[in-house]
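What's counted below: heavy atoms across the whole structure, side chains too, no hydrogens, waters or symmetry copies. Per chain, numbering begins at 1; letters A, B, ... match sequence-line order. These numbers come from a predicted model, not from an experiment.
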Protein chains: 2
Amino acid sequence: MVESRRRAIEDVASELFRANGYAGTSVRDIARALSLQGPSLYAHVTSKEDVLWAIVDRAASRFEAGADAALARAGSERPGDPVHAMAALVRAHVHAVTEDVGDAGVFVNEWRSLAPARREAILARRDAYEDRFRNLIAEGIGVGAFGITDPAVASTVILTALNGVVTWYEPDGRLTADRIADHLVGLIGRMLACETL
Amino acid sequence: MVESRRRAIEDVASELFRANGYAGTSVRDIARALSLQGPSLYAHVTSKEDVLWAIVDRAASRFEAGADAALARAGSERPGDPVHAMAALVRAHVHAVTEDVGDAGVFVNEWRSLAPARREAILARRDAYEDRFRNLIAEGIGVGAFGITDPAVASTVILTALNGVVTWYEPDGRLTADRIADHLVGLIGRMLACETL
DNA sequence: CCTACCGATCGGTAGG
DNA sequence: CCTACCGATCGGTAGG
């Protein structure tokens, strides 16, 4: 199957880019991981950067779909409850990271290696993704549910903490993805909704 | 002065490594930023990796010294007050990042490019640095000042959020380093010491 | 600190 | 999907 070859290349490249960076990974490194010769990859892809773009694009789509589904579900379960919605958003993000740490790591750290047009496109999507957090925090402040003052700082701090999971999550480690999500929902919920500080 | 040339090379390399990664920066890139020819650098350094090591090592020393000074001061100001000590630790970390985002970015993200012996040495120092946070959190839990349960998760989440400042701090931006430190002290303080969640 | 140069490796193409 | 190969660039050395 033609499509699965292309997909296998992206999967292998995703893990290598995450571990060694885009510039630190050669086309021959990717080929070797698939037991191929370097030039053979070009029967399936048109350039190294196209592979990076495919990984970043699919990772972005996965984060976006996860967040939108979480917000839709939380909105129907408990309308107008920003604490509940934030918990759903945090949980969705953690699962998007842990489901594919390769893709998530490349999405978070390697987008700088994209050519300008694609880099700007992905930056716009990252901004729109962060807006989901920022708008929800502003809403929570507005209804008096959150005791903080600056939605922009809070959303950035929360997202960097969430993206940090990509650097320390171990699939066979002491904490499952669900437990990590529980911890982050708790920690971030306290940070936002605490009433005594 | 011989030493200042070496230092100028490290300073330029620090910013380039942070912006483009170690593998994405060539020796000629560093030389060009100093208006030199590539091979001329080797009159002052013995290898590209030695430059990376010098940057990572001095960044680590700066983080360590800042944290130790903050803990010593907080301990003499308010002995046995983990909330106050954590605020001092957070403030020290934010300032270590904002004082030199190049060094901090390389320390946080580029240590993977070090050869094994140096990589392990820096990992040990990173672990010891994180221990300052983890031990303080465990102490705070022990005396009932913190309402959380897992010092290891909390210290990791806090440190990734603090290190994230390197990705969004802008020296001429809307927020000064001091204001950013204020925000993080507040957000992390709420996360740890909140009593109502 | 320069020019000239080294072997190795880079992303990618030609042709089968 | 392979072999053979391209020009460009890599980190680094020799010799001045």
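- Atom CG of B:D29 is separated from atom C1' of D:dG11 by 12 Å (rounded to the nearest Å).
- Atoms CG (B:L41) and C1' (D:dG12) sit 11 Å apart, rounded to a whole Å.
- Base pairing of D:dG15 is made with C:dC2, judged by Watson-Crick or G-U wobble geometry with both donor-acceptor distances under 3.5 Å.
- Using N1 to N3 plus N6-O4 or O6-N4 for Watson-Crick, or N1-O2 and O6-N3 for G-U wobble, each under 3.5 Å, D:dG7 pairs with C:dC10.
- Residue A:E10 is tested with A:R58, A:K48, A:R5 for a salt bridge (charged side-chain N to carboxylate O under 4.0 Å, His left out); the sole match is A:R58.
- Nearest to the side-chain atoms of A:K48 among the listed nucleotides C:dG11, C:dT13, C:dC1 stands C:dG11.
- As rounded to whole Å, 18 Å separates atom P of C:dT13 from atom CD of A:Q37.
- A donor-acceptor distance shorter than 3.5 angstrom exists from the side chain of A:D29 to the backbone of A:S26, with no hydrogens or angles considered.
- Regarding A:L36, its CG atom lies at a distance of 7 Å from the C1' atom of D:dC1, rounded to whole Å.
- Using a cut-off of 4.0 Å between Lys/Arg side-chain N and Asp/Glu carboxylate O, A:R6 and A:D11 are scored as not salt-bridged.
- Atom CZ of B:R32 and atom C1' of C:dC1 are 17 Å apart (whole Å).
- B:F133 and B:H93 have perpendicular rings, their planes meeting at more than 60° on a 0 to 90° scale where under 30° would count as parallel.
- Remark: C1' of D:dG11 and CG of B:L16 are 16 Å apart, rounded to the nearest angstrom.
- When each of A:A43 and B:E49 is assigned the nucleotide of DNA chain D with its nearest heavy atom, A:A43 is the one assigned upstream, toward the 5' end.
- Taking atom NE2 of B:H44 as the reference point, atom C1' of C:dC2 lies 12 Å away to the nearest angstrom.
- Cation-pi geometry between B:R126 and B:F107 is met: the NZ or CZ atom falls under 6.0 Å from the ring centre, inside 45° of the normal.
- Checking C:dT13, C:dC1, C:dC10 against the side-chain heavy atoms of A:S26 singles out C:dC10 as nearest.
- Between A:R28 and C:dG12 there is no side-chain N or O to OP1 or OP2 distance below 4.0 Å.
- The nearest whole Å value for the distance from the OH atom in A:Y42 to the P atom in C:dG16 is 22 Å.
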